[in-house]
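Just so you know, ligand 1 is whichever comes first in the structure, and atom 1 is the first atom listed for that ligand.
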Amino acid sequence: RGREGGGEAVTTAREVAQRIVSGRGLPEETAGRGRAPANIALVKYWGKRDEELNLPVTGSLSISLGPLGSEVEVSPAEGPHDAIWLNSAPQPLTGVFARRASAYLDLFRPAPGYWYEVKARNTVPTAAGFASSASGFAAMARALDDLYGWGLSIRELSVLARLGSGSAARSLQDGFVEWHAGSAPDGMDSYGERLPAEWPELRMGAVVLCAAEKPVGSREGMKRSVETCEFYREWPGRVAADLAALKDAIARKDMAALGTVTEGNALAMHALMAATRPPIVYALPETVAAMRTVWAARQEGLPLWFTMDAGPNVKLLFEAKDEARVRGLFPEVQVVAPFG
Ligand code: PMV
């Protein structure tokens with residue numbers, strides 16, 4: 001798979017970034033700002049065809065979380081290293097957050113020894129169970145675009161955001177966003193695109209069951225699934241069918257169809273994870289209990305579905321008219337209206 005096969009020219013993330021921004025000079029402003037929404041996949045991304053460029057094996061489709069996401073301010077700094085802040089706290093250079101941010105900034109340094117100051121703020125409530133790395137890298141790409149005055153398109157920004165974290169490709173726009181897998185070795189055709197659909201009644205609820213650090217990160221987990229799960233070969237076909245069914249459900253605003261595809265796709269991804277060697281199981285007893293609560297409520301006529309990512313927390317999908325009943329079942333739920 002990917003860069004070992006085929007004898008294609010190896011493209012690095014920095015080469016891709018520089019191809020997009022080259023010749024556009026040094027900062028125009030003293031600081032650039034960007035913001036981006038977090039997103040939750042309804043049809044999941046699990047598996048890369050290229051580790052360096054975060055190119056996915058399949059497409060995926062998400063919903064953006066409106067005001068919940070990240071804000072980033074970036075400016076040139078004195079050095080002799082980057083200065084990285086998260087929610088007003090200076091981040092240790094050896095910590096995971098600063099190292100990931102600096103590695104991303106490496107793609108954009110005009111020269112070695114050129115430093116940045118980054119002030120990142122997450123507008124996702126702390127430990128809400130909504131991932132912030134996607135919105136963080138998308139906001140960072142926007143902030144750099146603002147700093148340098150590149151004037152990049154959404155599509156170019158999506159490609160740049162993807163180089164930080166795959167799912168960030170879907171965080172440049174609101175609403176439903178499809179990330180096209182693409183087929184080009186340099187990934188220029190692998191970007192997020194908004195679907196022309198509105199669904200104001202749609203709600204997403206986060207149920208936090210455990211705020212602890214996940215045992216296996218998504219990068220490591222998906223690599224392991226691609227390499228060792230014998231069912232992985234079934235996954236691309238399943239995703240293609242789910243994407244078609246989901247787009248149809250969105251076009252018809254069919255909540256039952258959207259819920260059925262979303263829940264089934266998440267469970268299929270978690271089945272892949274469980275069949276990976278060594279196995280990856282993110283669910284806790286509380287996760288399974290929440291799933292059973294959803295199924296029992298559905299049996300009694302409540303149109304409620306769930307999805308899960310690389311962690312034990314559950315996200316609920318329902319419509320505004322059912323919010324009171326959902327809150328009755330999950331008093332701790334944090335509800336988001338993706339369409340405002
Ligand atoms: O972009 P990453 O490396 O954070 O991977 C995201 C993986 C999932 O959240 C499990 C699925 C998805 O499509 O967001």
Side-chain angles (χ1 to χ4, degrees), residues 13 36-65 68-70 96-97 100-101 103-104 122 124 128-141 158-172 176-181 187 190-193 204 206 213-226 229 232 235-236 238-240 242-243 246 261-274 276 280-283 287 306-315 317 338:
N39 77 76
I40 299 293
L42 306 180
V43 169
K44 307 293 186 187
Y45 148 57
W46 195 252
K48 299 180 212 271
R49 66 175 198 276
D50 187 310
E51 298 274 328
E52 162 85 8
L53 304 180
N54 290 333
L55 294 176
V57 174
T58 71
S60 56
L61 205 162
S62 61
I63 181 136
S64 290
L65 299 182
L68 299 192
S70 305
V96 178
F97 189 89
R100 265 192 105 181
Y104 189 65
N122 288 334
V124 185
F130 291 127
S132 50
S133 74
S135 55
F137 284 111
M140 185 97 108
S158 173
V159 168
L160 292 184
R162 168 173 50 73
L163 299 174
S165 165
S167 54
R170 300 185 308 239
S171 270
L172 277 303
F176 295 106
V177 177
E178 180 175 9
W179 174 12
H180 302 289
S190 182
Y191 60 95
E193 183 174 30
M204 178 144 308
E213 190 74 8
K214 47 192 162 191
V216 184
S218 56
R219 172 174 287 271
E220 164 62 18
M222 61 178 81
K223 178 171 159 60
R224 219 195 270 174
S225 291
V226 172
C229 175
Y232 193 81
W235 178 245
R238 171 66 188 257
V239 168
D242 285 349
L243 280 174
L246 181 61
V261 173
T262 299
E263 193 176 292
N265 183 269
L267 288 167
M269 177 180 74
H270 283 269
L272 283 184
M273 295 163 167
T276 292
I280 307 166
V281 175
Y282 290 107
T287 313
F306 66 80
T307 185
M308 293 156 60
D309 292 299
N313 301 318
V314 164
K315 287 103 189 179
L317 276 160

Any salt bridge (charged side-chain N to carboxylate O under 4.0 Å, His left out) involving residues 36-47? Give me the pairs, sequence neighbours left out, ordered by first then second residue. K44-D309
E193: partners by salt bridge (charged side-chain N to carboxylate O under 4.0 Å, His left out), with sequence neighbours left out: none
Ignoring hydrogens, what is the shortest heavy-atom contact between N122 and S132? Give both atom names and the distance. ND2-OG, 3.4 Å
Output for ligand 1, non-hydrogen cut-off under 4.0 Å, lists A41, K44, Y45, W46, S165, G166, S167, R170, S218, M222, M269, D309, A310
Expected output: side-chain N313 to main-chain A206 donor-acceptor under 3.5 Å: no
May I ask you to test the L246-N265 pair for a side-chain heavy-atom distance under 4.5 Å? no
Tell me, please, which residues at least two apart from R100 pass side chain to side chain donor-acceptor pair (under 3.5 Å). none
